[in-house]
Trainee: 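Handing you a structure now.
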2 protein chains.
Amino acid sequence: MNKEALFSIPLPTIRRFPAYLRLLKDFENAGESWVSATRLAEDLRLKPIQVRKDMSCTGVEGKPKVGFEVHELIMAIEHHLGWDNATDAILIGAGNLGNALVGYKGFANYGLRIVAILDNDKKKIGTTVYGVTVQSMEHLEETVVRLGVNIAVLTVPAEVAQEVAEMVVAAGIKGIWNFVPKNLTLPEDIIVQRTDLATSFAELSSRIKKSIEEKSRTKRSLQN
Amino acid sequence: MNKEALFSIPLPTIRRFPAYLRLLKDFENAGESWVSATRLAEDLRLKPIQVRKDMSCTGVEGKPKVGFEVHELIMAIEHHLGWDNATDAILIGAGNLGNALVGYKGFANYGLRIVAILDNDKKKIGTTVYGVTVQSMEHLEETVVRLGVNIAVLTVPAEVAQEVAEMVVAAGIKGIWNFVPKNLTLPEDIIVQRTDLATSFAELSSRIKKSIEEKSRTKRSLQN
DNA sequence: TGATTATCAATAAATATTTATCGTTTACTG
DNA sequence: CAGTAAACGATAAATATTTATTGATAATCA
Ligand SMILES: NC(=O)c1ccc[n+]([C@@H]2O[C@H](COP(=O)([O-])OP(=O)(O)OC[C@H]3O[C@@H](n4cnc5c(N)ncnc54)[C@H](O)[C@@H]3O)[C@@H](O)[C@H]2O)c1
Ligand SMILES: NC(=O)c1ccc[n+]([C@@H]2O[C@H](COP(=O)([O-])OP(=O)(O)OC[C@H]3O[C@@H](n4cnc5c(N)ncnc54)[C@H](O)[C@@H]3O)[C@@H](O)[C@H]2O)c1
């Protein structure tokens, strides 16, 4: 029996995978074929033990004294994320964010390829964004079927997000990467992943607030 | 003694705060003055108990049968995040992503205001992005000092990120919101918050992979 | 060749987070 | 105005995640 199927990888580990992957690819490009958990931990500011635990989820075994084989780890992580064969996606909403995402080279590393762009603004339809032509929303279902796409990236205004989400689901989309700061109500079997910049900014804000408070506490205690 | 200072709010709670905030503001705009944890949980697909625990971190007390006062919660959450008085920031790198961020109206809700944009591309310097003029990097330190800014948003190419980060730190910046998929090595006291789209996409990918595997498992077991 | 050391795997302990239980409060209903 | 049900807070239990401990292994060097 396959070891992988027996347990599911902790979410925090999944979330760290992309950072490992990037670093590992850097090492590979630099011609390194082995890397230790200690080394990875140093670069990512994690503890070696945690890196080892994460790596154990990939099924790759390390070698004492030298660590893990770089290429093997890359393959294993990509496989676990399903990034080993490219995933096609459509993008809805060719606005500021949408265009930036379409132009983002980095997606290639995640096996993500935006193969179609749709918008409902007549001025945008027919224009091309980084080589991809913006299509009318009327072509939605046809495009999804023709390209056999399962994933949609949503970058439309919040007011229409629910409506548009329902349209893409009706067209056959199974997973939505939602950049709109709004919770979508969709059938159970549709996978919705929200990316919320505010989440990250909230972390930054609270860390800054804490640091300011600590500083003023230290100052006060020095005065005593 | 202040209750808040005694314990630090769990990071997962901090991360949920922005979503609560948005929903609460929707309720406020709709003229609702009370909301129950049950209601919030329903809309955000959380469990009521978790919402109550999160709310308890804000210090706001609810009332049996009716819930929490909407406005009081908003104020409390904003206060805990430090979003109650606007934070100014500069943005470095007026490229695709940088411009999208500058134009993003949503930041106003987080108390974030981008008050200056800097770039090293002569073609971009002097142009305006959503009313803000792009300045040369030579003005970095002067701008930071003049505007009294503590936070920088980093949207430059990965190759120069470390170098640029060191420059903004030298100019007096204390916190960096880093959109570049690269770990920065900076002094201990500098707060660096990375926003990594790949993290979110990894989650989506792994959920899709799991769902596909489950489906094929079900199919197989039906065949038996 | 044998000692040394960096590193790994497995297991255990500690910590953090989520979820459940229980008794209490308050608005609403009849 | 008593009974009922929805919702709260506090505390406890369960679960998830991180960190520590221990013993084993393989490269390196005297
Ligand atoms: N700009 C940012 O940096 C940023 C950051 C985080 C989140 N977001 C979110 O991303 C979304 C888009 O932001 P933006 O700044 O790109 O806005 P935008 O207005 O530039 O782009 C929205 C696009 O959606 C299109 N659109 C509108 N209604 C549509 C419909 N019914 N069907 C198809 N297309 C439609 C518009 O024509 C436009 O091209 C918003 O929900 C915003 O909150 C933006
Ligand atoms: N485009 C996206 O959707 C996206 C998504 C996630 C992350 N990112 C990351 O954000 C960063 C920017 O991406 P982008 O697509 O906007 O790239 P871009 O090339 O459009 O923009 C980069 C900007 O930085 C400026 N720049 C270059 N060197 C500089 C320097 N030394 N000092 C100051 N400014 C300098 C350039 O002139 C340019 O305006 C990249 O690191 C990218 O990986 C982009």
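Residue numbering restarts at 1 for every chain, and letters A, B, ... go by the order of the sequence lines.
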Trainee: Quick check for you: among D:dT18, D:dT17, C:dT17, whose closest atom lies nearest to any side-chain atom of A:R16?
Mentor: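 Of the candidates, D:dT18 comes closest.
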
Trainee: C:dT24 C1' sits how many Å from B:E61 CD, rounded?
Mentor: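 It works out to 13 Å between those atoms.
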
Trainee: Could you check how far CH2 of A:W34 sits from P of D:dT28, rounded to whole Å?
Mentor: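 Rounded to whole Å, this separation is 12 Å.
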
Trainee: What is the distance, to the nearest angstrom, from the CG atom on A:L40 to the C1' atom on C:dT7?
Mentor: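 Whole-Å distance recorded here is 13 Å.
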
Trainee: When you measure from the side chain of A:L11, which nucleotide among C:dC8, D:dT17, C:dT26 comes out closest?
Mentor: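 Taking heavy atoms from C-beta onward, the closest nucleotide is D:dT17.
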
Trainee: NA contact type, A:R39, heavy-atom cut-off 4.0 Å: base, sugar-phosphate, or nothing?
Mentor: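 Nothing: the residue A:R39, judged by heavy atoms under 4.0 Å, touches no strand.
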
Trainee: Which residues in residues 23-31 of chain B have a heavy atom closer than 4.0 Å to any atom of DNA chain C?
Mentor: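 Contacting residues: none.
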
Trainee: If you look at every strand shown and take non-hydrogen atoms under 4.0 Å, does A:T13 touch a base, only sugar-phosphate, or nothing?
Mentor: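 A:T13: no heavy atom of the nucleic acid under 4.0 Å.
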
Trainee: If I take atom CD from residue B:E78 and atom NZ from residue B:K25, how far apart are they, to the nearest 0.5 angstrom?
Mentor: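 NZ of B:K25 is found 4.0 Å from CD of B:E78.
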
Trainee: Where do B:K47 and B:A41 come nearest, in terms of heavy atoms and distance?
Mentor: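 Shortest heavy-atom contact: C-CB, 3.7 Å.
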
Trainee: Can a side chain N or O of A:S36 be found less than 4.0 Å away from OP1 or OP2 on C:dT7?
Mentor: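 Checking A:S36 against C:dT7: at least one side-chain N or O falls below 4.0 Å of OP1 or OP2.
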
Trainee: Taking only heavy atoms on the protein side, list every residue of residues 193-201 of chain B lying under 4.0 Å from any atom of DNA chain C, sorted numerically.
Mentor: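 Nothing qualifies; none.
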
Trainee: Nearest whole angstrom, please: distance from the P of C:dT7 to the CG of A:L73.
Mentor: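 Computing the A:L73:CG to C:dT7:P distance gives 15 Å.
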
Trainee: Could you check how far CG of B:L46 sits from P of C:dT17, rounded to whole Å?
Mentor: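 Answer to the nearest Å: 16 Å.
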
Trainee: Starting from C1' on D:dA10, measure out to CD1 on B:I49 and report it in whole angstrom.
Mentor: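 These atoms are roughly 11 Å apart.
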
Trainee: Return the CG to CG distance between B:D54 and B:L73, rounded to the nearest 0.5 Å.
Mentor: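 The CG atom of B:L73 is 11.0 Å from CG of B:D54, to the nearest 0.5 Å.
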
Trainee: What's the spacing between B:D84 CG and B:I77 CD1 if we round to 0.5 Å?
Mentor: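 So the CG of B:D84 and the CD1 of B:I77 are separated by 12.0 Å.
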
Trainee: Does B:K63 have a side-chain nitrogen or oxygen under 4.0 Å from the phosphate oxygens OP1 or OP2 of D:dA7?
Mentor: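 Answer is no, no contact under 4.0 Å.
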
Trainee: Is B:K210 salt-bridged to B:E214, going by a charged N under 4.0 Å from an acidic O?
Mentor: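 Not counted as a salt bridge, because no side-chain N and carboxylate O are separated by less than 4.0 Å.
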
Trainee: Taking the minimum atom-to-atom distance to the side chain of B:P12, which one of D:dT19, C:dT7, C:dT17 wins?
Mentor: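 Side chain of B:P12 sits closest to C:dT17.
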
Trainee: Between B:W177 and B:F107, does the ring centroid distance fall short of 6.0 Å?
Mentor: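 They qualify: ring centres under 6.0 Å apart.
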
Trainee: Compare side-chain N and O positions of A:S56 against OP1 and OP2 of C:dA9 and report whether any pair is under 4.0 Å apart.
Mentor: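 False: A:S56 side-chain N/O out of range (4.0 Å or more) of C:dA9 OP1/OP2.
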
Trainee: Please check the phosphate of D:dA6 (OP1 and OP2 only) for any side-chain N or O of B:R52 closer than 4.0 Å.
Mentor: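 For B:R52, the contact criterion (side-chain N or O under 4.0 Å from OP1 or OP2 of D:dA6) is not met.
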
Trainee: Please round to the nearest 0.5 Å and tell me the distance separating atom CD1 of A:I151 and atom CG of A:D88.
Mentor: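 Reported value, rounded in 0.5 Å steps: 9.0 Å.
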
Trainee: Round to a whole Å and report the spacing from CD1 of B:I9 to P of C:dT17.
Mentor: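 Nearest whole value for this atom pair: 12 Å.
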
Trainee: By nearest atom, which of the nucleotides C:dT17, D:dT17, D:dA26 is closest to the A:K65 side chain?
Mentor: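 Per side-chain heavy atoms of A:K65, the pick is D:dA26.
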
Trainee: Give the nucleotide from the list C:dT21, C:dT18, C:dA27 with an atom nearest to the side chain of B:Q50.
Mentor: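 Taking heavy atoms from C-beta onward, the closest nucleotide is C:dT18.
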
Trainee: Output the rounded distance in Å from CZ (B:F17) to P (C:dT17).
Mentor: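 Roughly 13 Å, once rounded to whole Å.
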
Trainee: Give a yes/no answer on whether the side chain of B:K53 brings an N or O atom under 4.0 Å of OP1 or OP2 in C:dT18.
Mentor: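 Looking at the OP1 and OP2 atoms of C:dT18, neither is under 4.0 Å from any side-chain N or O of B:K53.
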
Trainee: The test is side chain to side chain contact (heavy atoms under 4.5 Å, CB included); show your working for B:L46 and B:R16 and say whether it passes.
Mentor: CA-CA 10 Å; B:L46 301 170; B:R16 283 187 291 269; 3.9 Å; yes

Trainee: If the plane angle is over 60° it's perpendicular, under 30° parallel, otherwise tilted; pick one for A:F201 and B:W83.
Mentor: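 Ring orientation, 0 to 90° scale: parallel.
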
Trainee: Please name all residues satisfying ring-ring contact (aromatic ring centres under 6.0 Å, His included) with B:Y130, sequence neighbours left out, ordered by chain then number.
Mentor: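 ring-ring contact (aromatic ring centres under 6.0 Å, His included) check on B:Y130 returns nothing, list empty.
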
